[in-house]
Each structure stands twice: as C-alpha cells, then as structure tokens.
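Below is one structure, written out as structure tokens; the observations come after it.
Owing to the predicted nature of the structure, the values given are computational and were not obtained by experimental measurement. Residue numbers start at 1 and run along the sequence shown.
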Amino acid sequence: MNHDVGGLDDGSSIDFRDHGLTYWEQSIHALLVILAQKSPPLMTTDELRRCVENLEAGAYRSWGYYERWAVAMTSLLLERQVFTQVEVDLELWGESDEADSDIPKFNVGAEVQVKKEDSRLRWRKPHLRCPGYVFQCVGRVEKYIGKFDDPFFMAFRGQGPKQHLYTVSFAARDLWREGHDNDSSSSGVEVEDRVTLEVYEGWLQLPSEAGVSQTDGMGRDMFSSNRGVGVIGSGDKSIFPEGSHDHSHSHSHSSDTSSLPPPPPAHDHSHDHNHDHVHESRVTVECRAVDNEEPESAGQRVGHALIRLLISKGIITSEDIRTTVCKLESFSDKLLGADLVVKAWMDEAFRARLLSDAPSAAMEVDVVTSNANAPTVLQVVACTPQIHHVCVCTLCSCYPSGLLGLSPAWYRSRSYRARTIREPRKVLAEFGTILDSSVAVHVHDSTADCRFMVLPLRPEGTEGWSAEELRALVTRDSMIGISQIKLPDA
C-alpha cells in the first residue's frame, strides 16, 4: 500500500523547515472543505483518502501532497458523474487538434509502428487494448476493420473521438528476437512466421514519425490537447523540463491560474504571502511574476482545471474559495489550541474535563474541535515529567487543523510519518528535543476519526503569570509534541 508507511525504514532525514503553503495549495484544501459541506456532500474525507491511496505508485511517491489531492478529487468527481472525462480533457488541454475523421489514416499494406505506452503519464490505471509485446514494433496493415468507440474512454463511461481499427501483422522474429521457436535456417527453406492482431489507429504511427513526440500510448502527444483518461504529465513532479517552462506545445491553459480567485488582502502576521507589491506598476509586477514563475506541475494543472470546471458548472464560486482560504488561514493565526492549553494550566478542573472529554470541555470556551471537512473527535494527552507525548499520522496527515492551523510540510512528509512511530527519540532529537532515558515516549497515531493534541508541561517559574503571558509561550509544535515549552532565557 502506497500510504501505509508507519515503521518503514525510510532512511531519510526530516526536512523540518516550515514551508508555507502556496495559494494554489490553500485553494485545493479549501475545495475539499467546500465540497464536503455540500448537501448532500460531493465527497467525504474517506473517499478522498481512498482515491489518493489508489494512485499509481510512481505518482504517489513523486507528486506533492496537494497534487495528489487534486487528482484524487478529480477522479472521485468523475466517479460521481459530476462532470465527464471529455470535460476534464477540454479544461486540461483545450479543444482537440485531432479531428474525428471518417477517413482512416493508414492504407492497407502500409508499414506502421506501434507506440509505447508510458505509465509515467498517468495517475490511474487505464484500460489498454493493445498488448505490450508489440510496443515499438513495426508491422504491416492487413485490413481496415471500421470505426469504433474508443475503449480507453468507454471503460470509464466517458466519450471521446471514435477510433479507426485495423488488423496489423508482425514478423514473429521481430516480436521475439531472442526466443522465436522457428529457426528456418535449419531446413534450408525460408519461411516467415507472423502474428496478426487488432490495433486502434491511436496506437499507430509511421516509422518515420518515431521519436518526434512523446506519447501517452493512444497516439496523443503528452503536450497536445487530446488527452486520455487520467493522463496528464510525467511521473516527475513537473511535466515541463526542469528550470524552464516550454511554451512550444499547444494548449489553451498552460500555467493558467485564472481559475483561482485573487489572494485575500494583505494581513498583518508573520508569514509572507508576497502581497507587498501594490504600489508598483502593473508592468513591473507582471514582468517579475513571469521571471519568477515555477514550471507548472502535473497536479497543479489538474487542480486549476478542476476549479475552473466546478465554477463553470455553478457548483462553487471564486468567492467560496477565497472565503474558505481566509477561514483556514485564520486557524493558524488564532491557534485556538493554545487557548485550551492555557486554561488547562490555570484551571485544574478544566484540565481534568479536557483530558476526559476534550470536545465538551472546549465548547465551554466556544472552541469547536471537529475538523471542517469531517466529524472528528479530539483527544488531548498531557505530558508529565515521566511521559512525553508526540503525534503523527502514518497513513496520511490527519491533524486538528481547526486548533493548530494547516499542518506543516514536515508533518505530511513520508520520512516523518515512517520514522516517528518507530524511532520517536531520534526524530525528536532532530527537532532539538532531547529526552532523558528515564522519560517514556508515547506516540499517538491518528489513523481514523480521532485527532490528537498534546497538552505540554507548564514551564517552571511561570507561577503568577497572566493568561496572555502564558499564551505567548505556547507553540503549534509543542501541541504536536515535537518540542517542549521553555522560558525564553532558559
């Protein structure tokens, strides 16, 4: 299972730098919240997990966290028939530049080569009706059969251009060069064993065309407008060459972020959203934006197309995205979990209620502990001089975002998820938390509908401090458990 990494010997160190989310990533997270809160819901967290887990291994390992979300949500909404594969393809690649022609491309007797299917170009397993043993082999068209619905689309109840079907024959020696079982040279009579099979036109090209373009196996150039089911870009994170954005290919939505509403106005908190350009000329701003533009990743392309499509169908609005992003950001700004920590430090009775029934105790101070997109149950675990608690989700990234803000990149990383459950002391040490061997470590793996939050130890020397002074000490990391709270001069 791609996602089940708990305890694996990952062998990699954790990049614990706090990489902030881009506005595109925030928008994809917001989209899940919006769709999950529809009546009836258009998706649930469990459905999203299932689609993420079913990604092909290469896509799961190499794509970013929210890239996986984008393609999983697209697959799920295709299942629910919210839109069709053809509509997705149009948003991804624009109008097809390959006409649905009634005239077959190849004549009987023509020499043709079968294209190679490339699994790096897809996020879910396609329905292929061309056997792999003929990939890249050269054969001869024996007969034109007719024009049929494309099984590549039909398998997913989609529709696409009809495909011309041929019978093509191949010399057996060309298919099995090291294992063909007829050595005619021993008899002195030259014979040629052959294999004939049906091949759709999309798989075929003239031998002279080989190597001209990279294809997805159904005759669709990987940068052309006519795409197949679940095929969007290479297994690498970017579908463009590293370090440059190749504009030579032809499609209508390259690097198109117009589906995303403009980010909310600048606000006064520490993380930077690059909103300090309002006094510069438009030309200066746009030129710098182009210069700094990163190559559009495969998942970003799908995410942009998904949002455009849902807006065009009236299912969501740009304002929905914008307001939900603002709400998600406010969770990080408010850090409501710190309010619970401080009250528990100052009120022993509340502390006991928080540890026994966190959702009810939190409601006493008007704090909702359930996540916005799922009815989760909070459990608070208290550190003591003898026990240190730390939280992880080995299966994905379950986390009390309403209390702590959106999860940091390191929490979602494969290395943190794999190693924390197996070697928590080493992981804690990498974050600068060195525990005495007399202190036990309890790891809490959030694998279903519970969300865990750590109640850190109150530092000595804070007796008589105000709630405001205490709150300034509480950090997100201390409530995850990867750090301990210490006084500034400690």
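Listed for the Arg476 side chain is no donor-acceptor partner under 3.5 Å among the backbone atoms of Gly405. Remark: side-chain polar atoms of Gln163 are paired, donor with acceptor, to backbone N or O of Gly202 under 3.5 angstrom. In this structure, the side chain of Trp345 engages the main chain of Pro456 through a donor-acceptor pair within 3.5 Å. Judged by distance alone, the side chain of Arg412 and the main-chain N or O of Ser407 form a donor-acceptor pair under 3.5 Å. Counting only distance, with no hydrogens or angles, the side chain of Ser360 and the backbone of Asp357 share no donor-acceptor pair below 3.5 Å.
One finds the OG1 atom of Thr376 at 5.0 Å from the CZ atom of Arg451 (value rounded to the nearest 0.5 Å). Taking OG1 from Thr369 and CD from Gln379, the interatomic distance works out to 11.0 Å, rounded to the nearest 0.5 Å. In this structure, Glu329 CD and Gln26 CD are separated by 4.5 Å, a value rounded to the nearest 0.5 Å. Distance check: Leu31 CG to Ile321 CD1 gives 5.0 Å after rounding to the nearest 0.5 Å. Interatomic distance, CG of Leu78 versus CE of Met73, reported as 12.5 Å (0.5 Å rounding). How far CG of Asp320 is from CG of Leu310: 10.5 Å, rounded to the nearest 0.5 Å.
Across every non-hydrogen atom of Gly481 and His388, the tightest pair is O-NE2, 2.7 Å. Shortest non-hydrogen contact noted between Thr475 and Leu335 is C-CD2, 4.4 Å. Nearest heavy atoms, Ser483 versus Ser478: OG-N, 3.2 Å. When all heavy atoms of Cys130 and Trp203 are compared, the closest pair comes out as CB-CE2, 3.4 Å. Closest of all the heavy-atom pairs between Gly402 and Leu336 is O-CD1, 3.9 Å. Residues Val390 and Ile482 share a closest heavy-atom pair of CG2-CG2, 3.9 Å.
Using cut-offs of 30° and 60° for the angle between ring planes, the His442 and His389 rings count as perpendicular. The aromatic rings of Tyr416 and Phe431 stand perpendicular to each other, their planes meeting at an angle above 60°, with 30° marking the opposite boundary. Between Trp69 and Tyr66, the ring planes are perpendicular. Angles over 60° get that label, and only those under 30° would be called parallel.
The environment of Lys38 atom NZ is dense: over 12 non-hydrogen atoms of other residues, nucleotides or ligands sit within 6.0 angstrom.
Contact of the Val381 side chain with the Ile387 side chain is not registered, since no non-hydrogen atoms from C-beta on lie closer than 4.5 Å. The shortest distance between side-chain heavy atoms of Leu470 and Arg458 falls below 4.5 Å. Between Leu309 and Ile315 there is no side-chain heavy-atom pair separated by less than 4.5 Å.
Under 4.0 Å is where a charged nitrogen must lie from a carboxylate oxygen, and between Glu364 and Arg353 at least one such pair does. Salt bridge Arg322/Glu319: present, at least one basic N to carboxylate O contact under 4.0 Å.
A donor-acceptor pair shorter than 3.5 Å cannot be found between the side chains of Ser330 and Asp333.
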Exercise. Starting from the C-alpha separation in whole Å, work towards a yes-or-no answer on side chain to side chain contact (heavy atoms under 4.5 Å, CB included) for Val82 and Leu42.
Key: CA-CA 9 Å; Val82 173; Leu42 284 179; 4.2 Å; yes
(request) Walk me through it: do Gln484 and Leu457 pass the test side chain to side chain contact (heavy atoms under 4.5 Å, CB included)? (result) CA-CA 8 Å; Gln484 295 172 310; Leu457 276 170; 5.7 Å; no
Starting from the C-alpha separation in whole Å, work towards a yes-or-no answer on side chain to side chain contact (heavy atoms under 4.5 Å, CB included) for Trp410 and Ile480. CA-CA 12 Å; Trp410 54 260; Ile480 297 173; 3.7 Å; yes
For the pair Val341 and Met453, evaluate side chain to side chain contact (heavy atoms under 4.5 Å, CB included) and give the outcome as yes or no after the intermediate values. CA-CA 10 Å; Val341 169; Met453 189 186 87; 4.2 Å; yes
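Of the candidates Pro400, Cys398, Ser446, Cys393, Ser446 is the only one forming a side chain to side chain contact (heavy atoms under 4.5 Å, CB included) with Phe452.
Residues forming a side chain to side chain contact (heavy atoms under 4.5 Å, CB included) with Cys51 (at least two apart in sequence, or on another chain): Ala72, Leu76, Glu79.
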